Number of protein chains: 2
Amino acid sequence: MAWPSERRSESRDRILLSAERLFTERGFDGVSIDQVMQDAGMTRGAFYAHFKSKRELYAEAISSAAKRMEARHPASTDELIRRYLSIQHLESKAGSCPLAFLVSDIGQRDTQIRETYTRIFNALAGKLGGEPGSEPDDAALRTLVLMVGGVAVARAINDADLAERVLEACREGALDQCASSAEQRLQ
Amino acid sequence: MAWPSERRSESRDRILLSAERLFTERGFDGVSIDQVMQDAGMTRGAFYAHFKSKRELYAEAISSAAKRMEARHPASTDELIRRYLSIQHLESKAGSCPLAFLVSDIGQRDTQIRETYTRIFNALAGKLGGEPGSEPDDAALRTLVLMVGGVAVARAINDADLAERVLEACREGALDQCASSAEQRLQ
DNA sequence: GTCTATAGGCAGATAGAC
DNA sequence: GTCTATCTGCCTATAGAC
């Protein structure tokens, strides 16, 4: 969902870009408006000329980060799974998926933010299986949980070898599930 | 791992119990020491007679919450999966699993806290498959990611029906995986 | 050990000059 | 639109009375 009636200034876009990166990396409480504005090359006072509140910025940043990811999605589902469940994604400082990086941050936020998260989740699940436009099927939900959960867990644990093994195990599981689900659809 | 050399006062246990519930529900930044102490029936000043810092309390609370869960684990793996991936677990105000509820909170914390999380993760993974004492196998890692990820995602999304469907899809996947993994071990 | 009081810092949001 | 300055409130942590 876009906000077509709103003007997009260059400053606004710079704030949003900084917010995407910082919020995804550190969560809502881990980032101050001051830090976002400094990263964007401005001072605090200018913030409220572009956004109503920190919460509004957070919701827009998550939505914008998801759109940016979507724009770079590979054509093949297999390739998407491989890139998502990779060390590169885990360690990326930009372009990370808010579904995984913020999954346990969202439950504490307000309705608008949780709606944004749910919309993004549904969109990605729809890409992974089921008829487009209708509800995603169970296999797609499982695959997406393996992707989101795998990245979230690998980021939490403090053991690089175990993190790699988690990513690999989930990658195999997700690819298997996708293959057998596509097979079933051909029957 | 316990701290056997430390005395356990009744007050200390009450603080810890409140911290388990509040931190698991709202995360590190979502809870103040004031709130924990009020919940435990004391005032702020008494806190530092029992814990060195908020971070220390957080680490101990996560560890303690995991131990409390473990003590109530059912004998059967299937039953564990069913209870973990249930609405009751999702909505429980106490006895929830910090692995799922805090998964994307942990990456922002210090080494001690991340080590605690990793240790708990390994312990639960070991219960789900592989030889006891050695490293958990890939199927166990996948099963645990489905459980942790399923609960985390279901908590994040703002759609009760979809949350139920996510839990159910993960439950089926985890039970299937467990069954076929046990089968393989018998061969 | 528990209390009240407070130090010292940082946060979100606003006001008004330019 | 962007700046500096400030209001207001909450936080962690400590000091000192009891």
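Everything numeric here is computed off the predicted structure, so don't read it as measured data. In what follows, chains carry the letters A, B, and so on, assigned in the order in which the sequence lines appear, proteins first and then strands, with residues in each chain numbered from 1.
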Parallel, tilted or perpendicular: which fits the ring planes of A/Tyr58 and A/Phe28, with parallel below 30° and perpendicular above 60°? perpendicular
Without decimals, in angstroms, what is the distance between B/Arg8 CZ and C/dG1 C1'? 18 Å
Nearest 0.5 angstrom please: B/Ile62 CD1 to B/Arg119 CZ, how far? 10.0 Å
Any chance you could measure A/Glu56, atom CD, to A/Asp110, atom CG, to the nearest 0.5 Å? 10.5 Å
Could you state the CG-C1' distance from A/Asp110 to C/dG12, rounded to the nearest angstrom? 15 Å
Side-chain donor-acceptor pairs under 3.5 Å in residues 90-97 of chain A, sequence neighbours left out?
unit_1: A/Ser92; atom_1: OG; unit_2: A/His89; atom_2: O; d: 2.8
unit_1: A/Ser92; atom_1: OG; unit_2: A/Ser96; atom_2: OG; d: 2.7
unit_1: A/Lys93; atom_1: NZ; unit_2: A/Glu25; atom_2: OE2; d: 3.4
unit_1: A/Ser96; atom_1: OG; unit_2: A/Ser92; atom_2: O; d: 3.2

Starting from P on C/dT2, measure out to CD on B/Gln38 and report it in whole angstrom. 16 Å
Sugar-phosphate means primed atoms, P, OP1 and OP2; the rest is base. With that split, encode nucleotides 4-18 of chain D 5' to 3' as B, S or - using protein heavy atoms under 4.0 Å. B-B----SBBB----
Rounded off to whole Å, could you give me the CE-to-P distance for the B/Met42 and C/dG1 pair? 11 Å
Grab the CZ-C1' distance between A/Phe51 and D/dT2 for me, whole Å please. 15 Å
Note: B/Asp39-B/Arg21 ion pair, threshold 4.0 Å (strictly below): yes
Please output the side-chain donor-acceptor pairs of residues 167-179 of chain B that fall under 3.5 Å, not counting sequence neighbours, one pair per line with the distance.
unit_1: B/Arg171; atom_1: NH1; unit_2: B/Leu85; atom_2: O; d: 2.9
unit_1: B/Gln177; atom_1: OE1; unit_2: B/Arg142; atom_2: NE; d: 3.4

